[in-house]
Amino acid sequence: MVSFNMQRVVGFMVAVLFILMFVIPQAYFWMKLPFLGVALLYTLVNLSSGRFKIYSSTPLRYYILIAILTVIWLLIGAINGNHQKALYDGFRLYVSYNAIFFLLIVFLTNTNFYRNVLPIAMLGALFIGVLAIYTVIDVVLNLNSIPESIRSTMYMQVGLHSGHTRINNVNIGMYTFLLPFLLSYCILDERKKPKLIYLVLVISVVGVVLASRRIVVYLMVMVPFFCISFDIFITSALRSRLLFRVIKIYVYLLFLSMFIAAIANYFSLFDIEGFAGRIFEVLIKDEESPRQTQLAALLQGFYNAPLFGTGFGGIASVVRSEFGWNYELLYPKLLFHSGLVGTISLFSVIGYYTIKVTKSCGRDKTNYSINVALIIGFISMLIASATNPYLNSFDFLFGLGVPPLVAELLKRERLMPFASSSQS
């Protein structure tokens, strides 16, 4: 009884940890640390006593391979004399943090993950949307109710531009995973879903529109297509009922977007022309834009060391921050730092396990929609990370753990098919 109650307490703390990671990423780490510490200690104790099991070797292999590749290019960076802080950051991010996420995967797969994942994702998305909406209201009405310390720590800047609004809250970036995950779950799952999830999606879409975060808008449009593509890849068939739900979702999104636009236009927050200009300006090539100049510099650095790159901490001719080795463009930066050998190796590891796990999702019919939605959320976050430095922080790095997490869940369900219903 004590063990059962303790597991529920720690399960609640892990839920709070993930909600905090979603809502206040890259900020207030001291708030997350106690929840994280208890979860890790509890997992280690239960692993050593045999109460927790590792059902599959996939998570361990996955993270060990990433760690090995990281250490190799840390050594290359050290040989090239790159900054020690860059080398420390690389080890912390892709070795230490990944070890933590491995233990969290062990905890999640030894508790009732499938019962808890939707409420956690919904609460995270809901809080982000409400915070985004309130941030705009606070500025428009000159309430000044958000303390400056909180505003600066969470980058809660709001811009009231000509024809559109813009929010820089870092947590909007979490929608690159949460929104595709929730939306694809609604599309893929044929069972009756909680009505709250639709309210969460509506509030999330409002938050995204107010934020004018282009990549999330693109992902919303792409997710229904992802659902059909992944379902065909897994089942080798096109389901007419799924196609109908995808069309219905597109219609809902269209009408919701028109409604939001009408309301926002009424309050003079933005107009169709201004918002469209903001969303589509990224498609216009501008040689002088920061990302274009950054891309040219990273590619030039890659051409200078095409096989093995500069190692972690290499600095291109364009410096984007006080730490010159940090760049928004993840994949050109990866080429610059690790060269063709490192980039192909990393893509091979992540790609192999993602394809393998995705194809295996069809074996678990009961949790099919959750598992595929997790993969779609993961792919969406990888797409968004191409032009955003999301994977440079602990809070966003959970996304890299989706393929091994799903692999472990699938193995557990095969070995213990009634585990989900019996665990708390």
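No hydrogens, no waters, no symmetry mates; every other heavy atom, side chains included, goes into these values.
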Q) Hey, does the side chain of H337 reach the backbone of G314 with a donor-acceptor pair shorter than 3.5 angstrom? A) yes
Q: Kindly compute the distance separating CG (L307) from CZ (F302), expressed to the nearest 0.5 Å.
A: 8.0 Å
(Q) Minimum heavy-atom separation for S393 and L93, please, with both atom names. (A) N-CD2, 3.8 Å
**Q.** Pair R239 + E190, salt bridge at N-O below 4.0 Å
**A.** yes
(Q) Has K53 got a side-chain atom pairing as donor or acceptor with G50's backbone, closer than 3.5 angstrom? (A) no
Q: Could you point out which residue of V14, V10, L47 forms a side chain to side chain contact (heavy atoms under 4.5 Å, CB included) with Y42?
A: V10
Q) Is the backbone of S338 close enough, under 3.5 Å, to the side chain of W73 for a donor and an acceptor to pair up by distance? A) yes
Q: Verify whether one side chain among Y114 and N371 offers a donor that lies under 3.5 Å from an acceptor in the other.
A: yes
(Q) If you apply the rule side chain to side chain contact (heavy atoms under 4.5 Å, CB included), what do you find for I187 with K248, and how did you get there? (A) CA-CA 9 Å; I187 295 172; K248 187 165 65 172; over 6 Å; no
Q. If every non-hydrogen atom of V200 is compared with every non-hydrogen atom of M122, which pair is closest and at what distance?
A. CG1-O, 3.6 Å
(Q) In the structure I gave you, are the side-chain heavy atoms of T109 and L405 within less than 4.5 Å of one another anywhere? (A) yes
Q: Please name the pair of heavy atoms, one in V208 and one in M220, separated by the smallest distance, quoted to 0.1 Å.
A: CG1-CE, 4.2 Å
Q: Measure from the side-chain N and O atoms of T111 to the backbone N and O of F113, and report whether any donor-acceptor pair falls under 3.5 Å.
A: no
Q: Using side-chain contact (heavy atoms from CB on, under 4.5 Å) as the criterion, list what pairs up with T153, not counting sequence neighbours.
A: A27, Y28
(Q) Tell me if a side-chain donor or acceptor on N82 pairs with a main-chain N or O of A78 at a distance below 3.5 Å. (A) no
Check residues 172-183 and write down every donor-acceptor pair under 3.5 Å in which the side-chain atom is one partner and the other belongs to a residue at least two apart or another chain.
{"unit_1": "Y175", "atom_1": "OH", "unit_2": "A125", "atom_2": "O", "d": "2.8"}
{"unit_1": "Y175", "atom_1": "OH", "unit_2": "G129", "atom_2": "N", "d": "2.9"}
{"unit_1": "Y175", "atom_1": "OH", "unit_2": "S204", "atom_2": "OG", "d": "3.3"}
{"unit_1": "T176", "atom_1": "OG1", "unit_2": "G173", "atom_2": "O", "d": "2.6"}

**Q.** Y155 and N171: side chain donor to acceptor below 3.5 Å
**A.** no
Q. Q26 and F396: side chain to side chain contact (heavy atoms under 4.5 Å, CB included), yes or no, with the steps?
A. CA-CA 9 Å; Q26 301 180 15; F396 283 91; 3.7 Å; yes
Q | Criterion ring pair (Phe, Tyr, Trp, His ring centres under 6.0 Å) against F101, the qualifying member of Y63, F398, F394 | A | F394
Q.
Taking the six-membered ring of Y198 as reference, does the cationic atom of K193 (NZ for Lys, CZ for Arg) lie under 6.0 Å from its centre and within 45° of its axis?
A. no
Q: Give the minimum heavy-atom separation between T354 and P403, together with the two atoms involved.
A: OG1-CG, 3.6 Å
Q. If you measure from CZ on R245 to OH on Y250, what distance do you get to the nearest 0.5 Å?
A. 14.5 Å
Q.
Can you confirm whether V402 sits close enough to I375 that some side-chain heavy atom of one is under 4.5 Å from a side-chain heavy atom of the other?
A. yes
Q.
Looking at L340, is its backbone amide N or carbonyl O close enough to the side chain of T343 to form a donor-acceptor pair, meaning the two atoms are under 3.5 Å apart?
A. no
**Q.** pair E408-T58: side-chain heavy atoms closer than 4.5 Å
**A.** no
Q | Within 6.0 angstrom of Y88 OH, more than 12 heavy atoms from elsewhere | A | no
Q) Given L118 and I370, is the side chain to side chain contact (heavy atoms under 4.5 Å, CB included) satisfied, shown in steps? A) CA-CA 9 Å; L118 270 178; I370 288 285; 3.9 Å; yes
Q. Rounded to the nearest 0.5 Å, how far apart are CG of L210 and CG of N169?
A. 11.0 Å
Q. Is the shortest heavy-atom distance from the side chain of I379 to the side chain of F230 under 4.5 Å?
A. yes
Q.
Under a 4.0 Å threshold between the charged nitrogen and the carboxylate oxygen, would D138 count as salt-bridged to R151?
A. yes
(Q) Could you check whether atom CZ of F347 has more than 12 heavy atoms from other residues, nucleotides or ligands sitting under 6.0 Å from it? (A) yes
Q. Between N110 and N46, is any pair of side-chain heavy atoms under 4.5 Å apart?
A. no
Q | Close side-chain approach of T366 and E413, heavy atoms under 4.5 Å | A | no
Q: Work out which heavy atom in L104 is nearest to a heavy atom in A39; give both atom names and the distance.
A: CD2-CB, 4.2 Å
Q: First locate atom OG of S184, then atom CZ of F226, and finally report the distance between them rounded to the nearest 0.5 Å.
A: 10.0 Å
Q) Can you find a heavy atom in the side chain of I350 that is under 4.5 Å from one in the side chain of F378? A) yes
Q: Give the intermediate values and the outcome of side chain to side chain donor-acceptor pair (under 3.5 Å) for residues D89 and Y94.
A: CA-CA 8 Å; D89 284 348; Y94 305 114; over 6 Å; no
Q: Evaluate side chain to side chain contact (heavy atoms under 4.5 Å, CB included) for R213 paired with I167, printing each intermediate quantity in order.
A: CA-CA 8 Å; R213 193 63 62 90; I167 307 174; 5.9 Å; no
Q. Are the side chains of Y252 and V202 in touch, meaning some heavy atoms are under 4.5 Å apart?
A. no
**Q.** By ring-ring contact (aromatic ring centres under 6.0 Å, His included) - contacts of Y353 (at least two apart)
**A.** Y62
Q. Which value, rounded to the nearest 0.5 Å, describes the distance between L20 atom CG and F35 atom CZ?
A. 6.0 Å
Q: Drop me the distance from Y134's OH to M156's CE, to the nearest 0.5 angstrom.
A: 9.0 Å
Q.
Could you tell me if S96 and R92 have a donor-acceptor pair between their side chains, going purely by distance under 3.5 Å?
A. no
Q: May I ask you to decide if F233's main-chain N or O and K359's side chain share a donor-acceptor pair within less than 3.5 Å?
A: yes
Q: Work out which heavy atom in V223 is nearest to a heavy atom in S380; give both atom names and the distance.
A: CG2-OG, 4.4 Å
Q.
Assess whether a salt bridge exists between D364 and R414, defined as any Lys/Arg side-chain N lying under 4.0 Å from an Asp/Glu carboxylate O.
A. no
